[in-house]
Amino acid sequence: MLLTLEGLDGSGKSTAWEALRAEYPDAVFTREPTDSWYGDAVARSMGDDDADPLAELFLFTADHADHLSRVVRPALSEGSLVVTDRYTDSRYAYQAASLSESYLAGGRDPLTYIQEVHEAFTHPPDGTIYLDVDPETAAERAGATNKFERAAYLERVRENYERLIDADPERFVRVDAGQPLEDVLDDVRSGFEDLLERQ
Ligand code: TYD
């Protein structure tokens, strides 16, 4: 079973992932971007304000392909529970916000295009915890250390997450990440149990 944690930067997502890791010692905990050399290439692109958004999409996607073959698929085939901090929805939400519609031929919708690229090879998640926080709080908490953490950009990312949830409401558990951290963590824990029971 593959469960994912998604949300804006500064939503408390990585803290929630750490808390779950302490509670489920037998599960495989992983993240995207990864710590492979593909992940290093992604980090380099994230640090470049002038990076081409399409090239950047494919760097993140290359990192995902490697993550799938090296970590996710082997763990799933051994029957492990896999929990990942960010996964495909991060690309659908963030890179769709980076790719202006005029960038793609024929006025293609970026989010749909990015999903189509992934559908050919990815393993879809069975359930997703979405930590929902408003973009101003997210940008403030994240400290805007990279170009993806600015409020106007995060507003578009959030709209994309909402589109993903509307299209597949059964897969998502929404957690109000504007609450104090302890309450966020309690809701993540119970949402996680719900997702495990659904299978
Ligand atoms: P990182 O510094 O690891 O941040 P965090 O610990 O907050 O997740 O970098 C992740 C950043 O990369 C974050 O701003 C979201 C962005 N990102 C994408 O834009 N697309 C993706 O596919 C992934 C996995 C991450």
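In listed order, ligands and their atoms are each counted from 1.
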Protein heavy-atom partner closest to [atom] - residue, atom, separation in Å:
atom: atom 20 (N) of ligand 1; value: Gln95 OE1, 2.7 Å
atom: atom 8 (O) of ligand 1; value: Arg86 NE, 3.1 Å
atom: atom 16 (C) of ligand 1; value: Phe148 CD1, 3.8 Å
atom: atom 2 (O) of ligand 1; value: Asn146 ND2, 4.5 Å
atom: atom 1 (P) of ligand 1; value: Arg31 NH2, 4.1 Å
atom: atom 10 (C) of ligand 1; value: Pro33 CD, 3.9 Å

To the nearest 0.5 Å, how far apart are [atom1] in [X] and [atom2] in [Y]?
X: Asp194; Y: Asp187; atom1: CG; atom2: CG; result: 10.5 Å
X: His64; Y: Tyr87; atom1: NE2; atom2: OH; result: 4.5 Å
X: Ser11; Y: Asp132; atom1: OG; atom2: CG; result: 9.0 Å

Quick test of your reading of the structure: of [options], whose heavy atom lies closest to [atom]?
atom: atom 21 (C) of ligand 1; options: Phe60, Tyr153, Tyr87, Tyr94; result: Phe60
atom: atom 12 (O) of ligand 1; options: Glu56, Met46, Glu32; result: Met46
atom: atom 13 (C) of ligand 1; options: Thr88, Asp89, Asp9, Thr61; result: Asp9

Over 12 foreign heavy atoms within 6.0 Å of CD, Glu140: no

Neighbour count >12 (heavy atoms, 6.0 Å) for atom CZ, Arg44: no

Interfacing atoms of ligand 1 (cut-off 4.0 Å, heavy-atom, Ser14): 6 (O)

Test item, Lys13 contacting ligand 1 (heavy atom, 4.0 angstrom): yes

Stepwise salt bridge (Lys or Arg N to Asp or Glu O under 4.0 Å) check, Arg156 with Glu159: CA-CA 5 Å; Arg156 300 210 299 281; Glu159 286 165 15; over 6 Å; no

Within-cut-off N or O pair, Arg91 and ligand 1, under 3.5 Å: yes

Test salt bridge (Lys or Arg N to Asp or Glu O under 4.0 Å) applied to Asp63 and Arg70, step by step: CA-CA 10 Å; Asp63 187 44; Arg70 194 169 43 82; 5.5 Å; no

Leu3-Val188 co-clustered via ILVMFWY side chain contacts under 4.5 Å: yes

